[in-house]
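First up is the structure itself, then whatever we jot down about it.
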Amino acid sequence: MTTTANTTPATTSSFGVMIRNGVLAAIAASAATMAIAAAGHAAGVSLDLGGAPIPVAGFGVLTAAFSLVGVVIAALLFRFARRPRRTFVRTTVVLTVLSLVPDVIADAGPATKALLMLTHLVAATIVIPAVARRLPA
């Protein structure tokens, strides 16, 4: 008699678990973007955008706000989409790419632009998989 082990990660498609994971991912992403901004600033990267400084806490606040928008999108897709996970991943990847456009055209130095784009990509890397794995395929 042989047995096979299931090597795929366990997923739960519970609505509440998805919301909880999304909120926790938003918190983690906020902390990560603030850490990146602080490290960049400590390394000499300007946090000035259009002549006005961006506070390090601002990175966390905006990351949390837009991550929670992503959780709302996931909640709507959970309820109404035929393939919530696939739709969520595609939608959020497109939104992440679009979020880079203002950074590219911003009135800031190249290092500042790169730092801003890095924070967007790190936040997406944290939030998208955490939420997607809890959506029904």
Side-chain angles (χ1 to χ4, degrees):
M1 181 162 136
T2 60
T3 60
T4 56
N6 184 2
T7 58
T8 58
T11 59
T12 305
S13 57
S14 162
F15 185 78
V17 171
M18 186 272 302
I19 297 294
R20 184 196 61 174
N21 275 21
V23 170
L24 292 174
I27 293 167
S30 294
T33 58
M34 287 191 301
I36 290 167
H41 188 61
V45 176
S46 171
L47 297 182
D48 289 357
L49 189 62
I54 305 169
V56 170
F59 284 85
V61 169
L62 288 175
T63 299
F66 285 105
S67 296
L68 293 175
V69 168
V71 174
V72 170
I73 290 170
L76 292 170
L77 294 172
F78 189 99
R79 296 287 191 203
F80 301 112
R82 187 173 350 153
R83 294 186 179 138
R85 183 181 305 158
R86 186 175 90 176
T87 306
F88 176 77
V89 170
R90 288 181 177 184
T91 301
T92 52
V93 167
V94 168
L95 290 173
T96 301
V97 171
L98 289 174
S99 78
L100 300 176
V101 173
D103 297 339
V104 171
I105 62 175
D107 181 18
T112 304
K113 291 179 181 184
L115 181 72
L116 291 170
M117 288 188 276
L118 177 63
T119 60
H120 289 221
L121 296 174
V122 167
T125 301
I126 293 169
V127 175
I128 294 171
V131 174
R133 78 173 139 256
R134 298 300 180 190
L135 288 170

Those residues at least two apart in sequence (or on a different chain) that pass side-chain contact (heavy atoms from CB on, under 4.5 Å) with Thr119 are Thr33, Ile36, Phe59

One should read off an interatomic distance between Met18 CE and Arg85 CZ, to the nearest 0.5 angstrom, of 12.0 Å

Of all heavy-atom pairs linking Ser30 and Gly60, the shortest is OG-O, 3.0 Å

*In terms of hydrophobic clusters joined by side-chain contacts under 4.5 Å, are Phe15 and Val131 together?*
yes

Enumerate, atom names and distances included, each donor-acceptor pair closer than 3.5 Å involving a side-chain atom of residues 110-118, sequence neighbours excluded.
unit_1	atom_1	unit_2	atom_2	d
Thr112	OG1	Ser46	O	2.7
Lys113	NZ	Val104	O	3.0
Lys113	NZ	Ala106	O	3.4

Rounded to the nearest 0.5 angstrom, the CZ-CG distance for Arg86 and Leu135 is 13.5 Å

Contacts of Ala124 meeting side-chain contact (heavy atoms from CB on, under 4.5 Å) (sequence neighbours excluded), chain-then-number -> Thr96, Ile128

Those residues at least two apart in sequence (or on a different chain) that pass side chain to side chain donor-acceptor pair (under 3.5 Å) with Asn21 are none

Nearest heavy-atom approach of Val122 to Ala32 is CG1-CB, 4.0 Å

Taken to the nearest 0.5 Å, the spacing of Asp48 CG from His41 NE2 works out to 8.5 Å

Is there a continuous path of hydrophobic side-chain contacts, each under 4.5 Å between heavy atoms, that joins Leu62 to Val127? no

For Ser99, the side chain to side chain donor-acceptor pair (under 3.5 Å) test, sequence neighbours excluded, returns His120

Is there a path of hydrophobic side-chain contacts, each under 4.5 Å between heavy atoms of I, L, V, M, F, W or Y residues, that connects Leu49 with Met34? yes

Return all side-chain donor-acceptor pairs below 3.5 angstrom for residues 65-80, not counting sequence neighbours, or 'none' if the list is empty.
unit_1	atom_1	unit_2	atom_2	d
Ser67	OG	Thr63	O	2.7

